[in-house]
Amino acid sequence: MDRELREFRRLERVCLEQAVLETFDLARIGLLKVANDCRMAAEALEARSAAQPGALAALVQALRPSWGGGRAVSRP
């Protein structure tokens, strides 16, 4: 996921740099839209990675009582 995040950030930066150099308005607008999409994708990845540690901790807390303090679970 870290690699994907870096790639989206790199693509965002390249699109913004090219948009500054572009003389054709339609191409500039397209590059800015792609840069915005890359930024939103990177932010979504960051939000998902930030939420995962908390979600894992909540899952562990929820499962802890069912573990029974290390006792073996008997199955019928």
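Screening L32, L31, N36 for a side chain to side chain contact (heavy atoms under 4.5 Å, CB included) with L16, the sole residue that qualifies is L32. For the side chain to side chain contact (heavy atoms under 4.5 Å, CB included) with R6, the lone residue among R10, E4, R3 that qualifies is R3.
A salt bridge links R9 to E46: at least one charged side-chain nitrogen sits closer than 4.0 Å to a carboxylate oxygen.
Residues L11 and V34 fail the side-chain proximity criterion, which asks for heavy atoms closer than 4.5 Å. Taking 4.5 Å as the limit, some side-chain heavy atom of R13 sits within range of a side-chain heavy atom of E17.
Linking Ile, Leu, Val, Met, Phe, Trp and Tyr residues whenever their side-chain heavy atoms come within less than 4.5 Å places L5 and F8 in a single cluster.
Atom CZ of R28 and atom OG1 of T23 lie 7.5 Å apart (nearest 0.5 Å).
Nearest heavy atom pair, residue A35 against residue E12, reads O-CG, 3.6 Å.
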